Amino acid sequence: MLHTFAIYVDNKPGVLNRVASLFRRRAFNIESLTVGHTETKGVSRMTVVVDTDEYGARRLEAHLYKLVPCRRVDNITSSPSISRDLALIKVAATGEARTHVMQLVDVYRARIVDVSPESLVIETTGTEDKIDSLVEVLRPYGVVEMVRTGRVSMARGLAPVKRNGARPSTTSAAEISGDVSSCSV
């Protein structure tokens, strides 16, 4: 089963390597990884998707808390959440094919972000399945190049993320930057 972790870390050089190395050492394959700034200065948020069972997910969460740069770890797999991927797709399109591609873009609620005489660049967001489906219908026209982000996910509502282990979530968004050195694992 795919598990999605939201990991809040210090925004410093080498943190991504330390987190990725933890997954590598424990023989977990990262299916998707995205990193970006948060609303708190000096804190970045990693969204990591891993294929593991419930026991492996609990182990990973415990090991992540042991890393010094990790401030908070939320397993948002079973929480109501919103997940999206982004893709930019360059398609060879001239003449009548261009019209067909533009109609497909409308059907998928994507948008054209660049037009050249020989190609179109399409931007789409949505679930991984939606993006895969769009790519498949565009293949006959000639997909020249494609780039995709990993999954970004966010728990819905203001309620804290429910935790499976002994650590109940009492952390508010304002407390993300607090010290977790006294957390038990």
Side-chain angles (χ1 to χ4, degrees), residues 1-88 124-135 146-185:
M1 177 180 172
L2 292 178
H3 285 266
T4 304
F5 293 95
I7 307 166
Y8 293 84
V9 297
D10 292 333
N11 188 6
K12 298 192 174 168
V15 173
L16 175 60
N17 184 42
R18 291 185 70 187
V19 172
S21 291
L22 183 143
F23 284 84
R24 179 190 48 79
R25 284 191 311 269
R26 305 279 185 269
F28 289 101
N29 184 43
I30 296 174
E31 299 289 329
S32 172
L33 170 68
T34 56
V35 184
H37 299 287
T38 64
E39 66 284 354
T40 306
K41 186 175 177 159
V43 177
S44 290
R45 183 179 193 265
M46 295 180 167
T47 304
V48 183
V49 180
V50 180
D51 189 8
T52 186
D53 58 5
E54 193 63 38
Y55 174 72
R58 285 195 308 266
R59 273 185 29 224
L60 276 172
E61 186 175 352
H63 287 298
L64 284 164
Y65 267 111
K66 290 179 185 179
L67 288 179
V68 172
C70 288
R71 294 175 174 242
R72 189 173 97 197
V73 180
D74 295 330
N75 184 345
I76 60 175
T77 305
S78 58
S79 301
S81 59
I82 302 154
S83 298
R84 295 288 183 268
D85 288 37
L86 166 78
L88 294 174
T124 184
T125 59
T127 63
E128 192 173 351
D129 293 339
K130 176 189 169 189
I131 294 172
D132 290 341
S133 174
L134 176 59
V135 170
M146 178 176 66
V147 62
R148 292 175 73 160
T149 65
R151 181 184 305 172
V152 291
S153 297
M154 179 182 283
R156 298 180 72 166
L158 292 175
V161 176
K162 294 178 185 172
R163 297 181 184 261
N164 296 330
R167 287 184 305 280
S169 179
T170 58
T171 308
S172 69
E175 296 172 321
I176 291 173
S177 59
D179 182 24
V180 294
S181 60
S182 62
C183 290
S184 60
V185 180

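Numbers for residues simply follow the sequence, beginning at 1. Everything numeric in this text was worked out from a predicted model, so none of it was measured. Just so it is clear, the values below take in all heavy atoms, side chains as well, and ignore hydrogens, waters and symmetry mates.
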- request: Using the ring of Y8 (Phe, Tyr or Trp, six-membered ring only), decide whether R71 places NZ or CZ under 6.0 Å from its centre and within 45 degrees of its axis.
  value: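 Verdict for Y8: no cation-pi partner in R71.
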message: Would L64 and F23 count as a side-chain contact (heavy atoms from CB on, under 4.5 Å) here? Give the steps.
response: CA-CA 9 Å; L64 284 164; F23 284 84; 4.1 Å; yes
Within the 4.5 Å heavy-atom criterion, are [X] and [Y] side-chain neighbours or not?
{"X": "T52", "Y": "E31", "answer": "no"}
{"X": "M46", "Y": "L16", "answer": "yes"}
{"X": "E128", "Y": "R148", "answer": "yes"}
{"X": "R45", "Y": "H37", "answer": "no"}
{"X": "V19", "Y": "L67", "answer": "yes"}
{"X": "L60", "Y": "F5", "answer": "yes"}
{"X": "L33", "Y": "V35", "answer": "yes"}

task: Can you spot which of I131, T149, V152 makes a side chain to side chain contact (heavy atoms under 4.5 Å, CB included) with L86?
output: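 The passing option is T149.
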Gap separating the [atom1] atom of [X] from the [atom2] atom of [Y], nearest 0.5 angstrom:
{"X": "M154", "Y": "R156", "atom1": "CE", "atom2": "CZ", "result": "12.0 Å"}
{"X": "I30", "Y": "D51", "atom1": "CD1", "atom2": "CG", "result": "12.5 Å"}
{"X": "H3", "Y": "E61", "atom1": "NE2", "atom2": "CD", "result": "11.0 Å"}
{"X": "C70", "Y": "L22", "atom1": "SG", "atom2": "CG", "result": "8.0 Å"}

- prompt: Does T127 have any side-chain contact (heavy atoms from CB on, under 4.5 Å) partners at least two apart in sequence or in another chain, and if so, which?
  reply: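 Applying side-chain contact (heavy atoms from CB on, under 4.5 Å) to T127 gives D129, K130.
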query: Will you find, in the side chains of T4 and R151, an N or O donor that is under 3.5 Å from an N or O acceptor?
result: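 The answer is yes; a qualifying pair exists.
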- request: Mind running side-chain contact (heavy atoms from CB on, under 4.5 Å) on R84 and I82 for me, showing each step along the way?
  value: CA-CA 7 Å; R84 295 288 183 268; I82 302 154; 4.1 Å; yes
query: Is there a donor-acceptor pair closer than 3.5 Å between any side-chain N or O of S32 and the backbone N or O of V49?
result: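 Not confirmed, S32 side chain does not pair with V49 backbone.
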Under 3.5 Å: donor-acceptor pair, side chain of T38, backbone of T40: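 Yes, because the side chain of T38 sits within donor-acceptor range (under 3.5 Å) of the backbone of T40.
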- request: Evaluate the criterion side-chain contact (heavy atoms from CB on, under 4.5 Å) for residue pair D53 and M1; output intermediate values, then yes/no.
  value: CA-CA 6 Å; D53 58 5; M1 177 180 172; over 6 Å; no
- request: Assess whether side-chain contact (heavy atoms from CB on, under 4.5 Å) is satisfied between I7 and V48, documenting all intermediate values.
  value: CA-CA 8 Å; I7 307 166; V48 183; 3.8 Å; yes
- prompt: Does a side-chain N-to-carboxylate-O contact under 4.0 Å join D10 and R18?
  reply: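 Not counted as a salt bridge, because no side-chain N and carboxylate O are separated by less than 4.0 Å.
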task: Provide the closest heavy-atom pair for I76 versus S81 in the form atom of the first, atom of the second, distance.
output: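 Answer, listing the atom of I76 first, then S81: O-OG, 3.9 Å.
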